[in-house]
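Atoms considered below: every heavy atom in the structure, side chains included; atoms not considered: hydrogens, waters and symmetry mates. The first residue in the sequence is number 1, and the count goes up from there. Keep in mind that this is a model prediction, so the values were computed, not measured.
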Amino acid sequence: MDISIGGLSDLLAQAQGTADADASTVSGQATALAAQQSMGIEDLEMLISSDSDLNAISSIFGGANAENITAGIAEADIDFDATGIDGISMSIGGIGTLASTASVNGSSDASSVSEMAQASADMDATGINDAHLFSSSDGDISGTAVIDATVNSINIGTESIDKAFAFGDFDAEGITEIELGVGGIASLIGQAQVTVDMNASSVQGKAQANSADSGTDTIVDDLNQITGLGNVELDGASVGSIVGMAVGDFSTTAESVSSDAEANAAQSMRGIENLNLDLGGSGSINAIVNDTNYVSASSVSGNASATASVDAIGLDGGDIHIAGDATIVASVNAQSDAVASTVG
């Protein structure tokens with residue numbers, strides 16, 4: 001889409017989706033799948049002679065619930081993907097203001113009294129991707145990505161083959177692949193936040209929970225990728241402020257009374273990744289990572305295994321040139337705990 005405006009521009013784009021699925025059976029298999037994709041702005045070109053104010057909002061809410069009452073399998077799965085802006089090119093004659101938010105909020109629940117209960121989630125959120133923005137005056141750009149997920153499976157069957165599985169993949173990027181040219185003061189903020197609560201519980205069979213399972217055998221893919229700002233090119237004539245923040249809060253637990261329990265969680269966190277910056281005045285850079293990763297596996301009679309890992313970097317790579325005074329802060333606060341306990 002191409003838009004040309006001779007004066008001021010004020011544009012709001014909003015996409016909101018809701019997806020819910022429920023399945024219940026007395027015997028056999030109950031399968032519930034909720035899938036949704038939401039896009040605020042895609043492939044937009046704008047030419048504005050004066051000031052511009054653009055806001056994009058993309059959100060998804062929903063869940064899947066599967067229940068097997070007497071005998072059989074229960075499977076629940078959610079697949080949500082929200083993007084605020086994917087592909088934009090703007091030339092602005094005045095002040096440019098751009099804000100984009102993508103959020104996904106969902107739950108996946110499976111319960112069975114025999115065989116297998118499996119709950120899974122694949123959730124992605126991107127604030128801004130593939131942007132080329134040029135403003136003659138000041139430029140204020142922000143992108144936010146938020147994921148909030150709960151994944152629970154429970155199996156109360158009385159046989160050793162009655163298992164419970166919970167797994168998922170959660171990736172969020174505030175802003176990625178952006179090129180900026182700013183004639184005045186530049187402000188760039190990218191934030192990504194992911195919250196996951198996952199549990200697998202079984203009475204007689206195995207319980208397994210993995211909050212970093214993309215469904216592939218590739219180790220790199222099996223990390224939740226959370227990035228505030230990624231792949232940035234910014235050329236500013238004056239002063240500039242750049243902030244990239246990645247926040248994670250993960251709780252992954254597996255519990256079995258009579259069999260093995262296994263829990264795993266892994267995150268790759270970047271406040272700012274690959275920043276190429278050229279400022280004509282003073283500049284400040286803040287690259288922040290905060291992550292809490294709790295993993296627990298417990299069994300009364302079987303084995304218990306818990307693994308927690310975090311790869312966290314505040315400011316990772318790039319080429320930075322600041323003509324005036326510079327303040328650069330990169331901080332990482334990561335708390336990763338793995339607890340495995342067994343009685344038998």
Side-chain angles (χ1 to χ4, degrees), residues 65-68 73-77 106-123 147-170 194-215 217 219 221-224 226 247-269 289-312 332-344:
N65 181 68
E67 182 181 17
N68 195 300
I73 297 172
E75 292 188 38
D77 179 49
S107 61
S108 179
D109 299 281
S111 62
S112 180
V113 297
S114 68
E115 294 190 37
M116 183 181 72
Q118 179 173 291
S120 60
D122 185 353
M123 304 173 73
I147 296 175
D148 193 342
T150 59
V151 183
N152 295 294
S153 68
I154 181 170
N155 195 322
I156 60 172
T158 59
E159 303 292 334
S160 61
I161 61 171
D162 300 335
K163 303 174 182 179
F165 299 108
F167 61 91
D169 183 42
F170 311 93
V194 178
T195 303
V196 176
D197 187 352
M198 176 177 289
N199 180 66
S201 177
S202 178
V203 175
Q204 292 293 326
K206 182 178 182 179
Q208 183 175 7
N210 188 346
S211 59
D213 187 346
S214 66
D217 294 328
I219 296 175
D221 290 341
D222 288 339
L223 290 171
N224 295 302
I226 306 170
V247 179
D249 187 357
F250 288 78
S251 176
T252 309
T253 61
E255 303 168 326
S256 178
V257 176
S258 300
S259 189
D260 297 343
E262 180 182 330
N264 177 69
Q267 297 98 48
S268 176
M269 314 281 295
V289 171
N290 291 315
D291 189 42
T292 301
N293 185 23
Y294 175 73
V295 181
S296 173
S298 62
S299 176
V300 176
S301 301
N303 299 315
S305 172
T307 305
S309 63
V310 177
D311 176 16
V332 172
N333 182 12
Q335 181 177 348
S336 186
D337 297 312
V339 179
S341 61
T342 181
V343 176

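Residues meeting the side chain to side chain donor-acceptor pair (under 3.5 Å) test with Asp77, sequence neighbours left out: Ser120. In terms of the side-chain contact (heavy atoms from CB on, under 4.5 Å) criterion, residue partners of Glu255 (sequence neighbours excluded) are, by chain and number, Asn199, Ser201, Ser298. Applying the side chain to side chain donor-acceptor pair (under 3.5 Å) test to Gln118 and every residue at least two apart in sequence or in another chain returns nothing. Partners of Asp249 according to the salt bridge (Lys or Arg N to Asp or Glu O under 4.0 Å) rule, which considers only residues two or more places apart in sequence or in another chain, do not exist here. Qualifying side-chain contact (heavy atoms from CB on, under 4.5 Å) partners for Gln204, counting only residues two or more places apart in sequence or in other chains: Ser258. Judged as a side-chain contact (heavy atoms from CB on, under 4.5 Å), and not counting sequence neighbours, the contacts of Asp337 are Tyr294, Gln335. Scored by the side chain to side chain donor-acceptor pair (under 3.5 Å) test, Asn264 finds Asn210 as partners (sequence neighbours excluded). Every residue two or more places apart in sequence or in another chain that forms a side-chain contact (heavy atoms from CB on, under 4.5 Å) with Ala312 is listed here: Met269, Val289, Val310, Val332. With sequence neighbours excluded, no residue satisfies side chain to side chain donor-acceptor pair (under 3.5 Å) with Ser153.
Using a 4.5 Å heavy-atom cutoff, the side chains of Asp169 and Asn224 are in contact.
In terms of heavy-atom proximity, Ser259 sits nearest to Ser299 at O-OG, 2.6 Å. Across all their heavy atoms, Ser111 and Ala74 have their closest contact at O-CB, 3.2 Å. Nearest heavy-atom pair across Ala117 and Ala110 is CB-O, 4.0 Å. Closest approach of Gln208 to Ala200, counting heavy atoms only: O-CB, 3.4 Å. When all heavy atoms of Val151 and Ala166 are compared, the closest pair comes out as CG1-CB, 4.1 Å. Between Ala261 and Ala254, the shortest heavy-atom distance links the atoms CB-O, 3.8 Å.
Applying the side-chain hydrogen bond (donor to acceptor under 3.5 Å, both in side chains) test to pairs two or more places apart or on separate chains, none has a residue in residues 155-166.
Checked by atom type and distance alone, the side chain of Ser108 pairs as donor or acceptor with a backbone atom of Ala76 at under 3.5 Å. For the pair Thr342 (side chain) and Gly302 (backbone), a donor-acceptor distance under 3.5 Å is present. The backbone N or O of Asn303 sits less than 3.5 Å from a side-chain atom of Asp260, completing a donor-acceptor pair.
When each of Ile226, Asp291, Leu223 is tested with Ser268 by the rule side-chain contact (heavy atoms from CB on, under 4.5 Å), just one qualifies, namely Leu223.
Atom CZ of Phe250 and atom CG of Asp197 lie 11.5 Å apart (nearest 0.5 Å). The line from OG1 of Thr150 to CG of Asp109 is 5.5 Å long, rounded to the nearest 0.5 Å.
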